[in-house]
Amino acid sequence: MSSTGSSSFPRSQRLKSKKVSELVFATGLKLKAPPIIVRYLDTPLSEPVAAQVMVTVSKRNFKRAVDRNRIKRLMREAWRLQKVELENQLIADEKQRAIVFIFVASEMPNYEIVRDAMASLIQKMLPTKTAQD
RNA sequence: AAAAAAUGAGACUUCAUCGCUCCCAUACGGGAGAGGAAAGUCCGGACAACGCAGGGCACCGUACUUCUCGAAAGGAAGGCAUGUUUUACAUGACAGAUAGUGCUACAGAAAUUUAGACCGCCGAUGGCGCCUCACCGAGGCAAACAGGUAAGGUUGAAAAGGUGAGGUAAGAGCUCACCAGCGGCGAAGCGAUUCGUCGGCUCUGGUAAACCUUGCGGGUUGCAAGAUCGCAUAGACUGACAUCUGAGGGUUGCCCGCCCAAGUCAGUGGGUUGAUUGCAUAGAUAAAUGAUGAAGCGCUUCGGCGAACAGAAUCCGGCUUACCAUUUUUUUUUACAA
RNA sequence: UCCCCGAUGGUGUAAUGGUAACACACCGGUUUUUGGUGCCGUUAUUCCAGGUUCGAGUCCUGGUCGGGGAA
């Protein structure tokens, strides 16, 4: 496991396992900060990282691949720049976490909306973690 | 000058910081990184597997000519047809309806192996009736009985060439002239085709984006093809057929042919379903190509915006569809000036 | 990525190239004291745009939307 958090986001920090993702959708905790919903679960991961993240956008709301690609890139960028605090907390607690971000609105967002929603979600995930301890 | 249409170009640029994917490097570090359509998947090709040689049928595609491209339903030039603002553009699945079969509703008298007589026209010829001529017989009149007739009317998308003249009892390509279509011959052209001439019109409605016929072309399946490694494994039971005069299999939509052949097929019930490669001078596999700031440039309703269509998944060529600002060329219309 | 299908009233389905039919639902009328039942009626640019044909839901071409399959 990498010793400290940083603002890089390599492939090893992407959630790719079908089993883990199904487990997250079935039993993970759920938090809302419109227009994003997050589901997450503390579980052992295949790679030695603090967290693995997946972002999704429904094809039903955004028909064109260009729009879906842009929203997913904005969400990844917002996560990359704000994840350090949560990562450090997880490393301190020696836990691994699988996280899925779901974009549920049907209108194109700008970067400020995505960044603020992501910040709100990360702050919400921190207290619940500390409360369990 | 404006508007509209068609057509071609164009598809923001540079720098810095933080990141992402791949490659090179021991390391520091360095390099590459979405489109004109990446789209639709409509054509064609590369590549791959299958067939053990080969042949036939079925099926599918295609259809004016010449040239061109590795090939194609692509491109260029030309011919013909249709349309229009009619002589210049646009469009065209432009082989065959005289090989055969089918369909052609309703309406209409009649809708296709020279059809069809409802109204109409005629009734020369034959017959019935009446009248006149003093006979045999001849002539006339009326009706429309037999019958003739496709000129005219009616229906329909379509009624069996069109117009005119002759002809006839009335009519009819029955005859003639011109036109249209068909066929033969000659000339021009590589050719599609065009022009001229002759012939008969007894055989000629439409539909082939109906079956079909003719010519030409196509083996089938697609990177989830395929290859390698790994993991698992299984025998059993039931039924059928057969053991060289041979079941079954290779074998594909089918058949012939060819090859293998002692066990095979079907069902019940079980096991496995990971990775690498294929794969690229962008290149992954829950799928990278982004965010922020500055300057320039463009637009602006002076707030600002970076645009429209749109995001590589084996690759290449073409087609089709979508498309903002700016701009090239052409055409048309309107206005103004000379 | 590759290969295939489909689209008909509000819903579910029909329809040899020849008047778009049936059932349920909705709405209106009628019968009934009222409601139900029954009876009568209304409701479709056959997904869109072109083409072939005398005539297209059907045949052909292009597009839009929806659905399915693959080792």
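Order of the sequence lines sets the chain letters (A, B, ...), proteins ahead of strands, with each chain counted from 1.
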- Query: Taking the side chain of L74(A) as its heavy atoms from C-beta onward, which of rA287(B), rA34(B), rA291(B) lies nearest to it?
  - Reply: rA291(B)
- Query: Looking only at atom P, what distance separates rG226(B) and rA247(B), rounded to whole Å?
  - Reply: 33 Å
- Task: Without swapping roles, check the side chain of K124(A) against the backbone of K32(A) for a donor-acceptor pair under 3.5 Å.
- Result: yes
- Under 4.0 angstrom, heavy atoms only, what part of the nucleic acid is R68(A) near: base, sugar-phosphate, or nothing? nothing
- rA71(B) to rG54(B) separation - C1' atoms, rounded to the nearest Å: 27 Å
- Message: So I36(A) and L121(A), do their side chains get closer than 4.5 Å, heavy atoms only?
- Response: yes
- Task: Between rC67(B) and rG218(B), how far apart are the C1' atoms? Round to whole Å, please.
- Result: 25 Å
- Message: Does rA34(B) have its OP1 or OP2 closer than 4.0 Å to a side-chain nitrogen or oxygen of R73(A)?
- Response: no
- Rounding to the closest angstrom, what is the interatomic distance between rA93(B) and rG10(C) at atom P? 38 Å
- Is a side-chain donor-acceptor pair under 3.5 Å present for Q89(A) with K95(A)? no
- Query: Rounded to the nearest Å, what distance is computed from the CZ atom of residue R70(A) to the P atom of nucleotide rA307(B)?
  - Reply: 10 Å
- Kindly say whether A78(A) contributes a backbone atom to a donor-acceptor pair with the side chain of Q82(A) at under 3.5 angstrom? yes
- Y111(A) side chain: which of rA34(B), rU21(B), rU292(B) is closest? rU292(B)
- From rA291(B), rU289(B), rG290(B), pick the nucleotide closest to the side chain of R80(A)? rG290(B)
- Against the side chain of V66(A), the closest entry in rA310(B), rU21(B), rU289(B) is rA310(B)
- Selection from rU21(B), rG311(B), rA291(B) that lies nearest to any side-chain heavy atom of E77(A): rA291(B)
- Message: Could you tell me how far rG186(B) sits from rA192(B) if I compare only their P atoms? Round to whole Å.
- Response: 15 Å
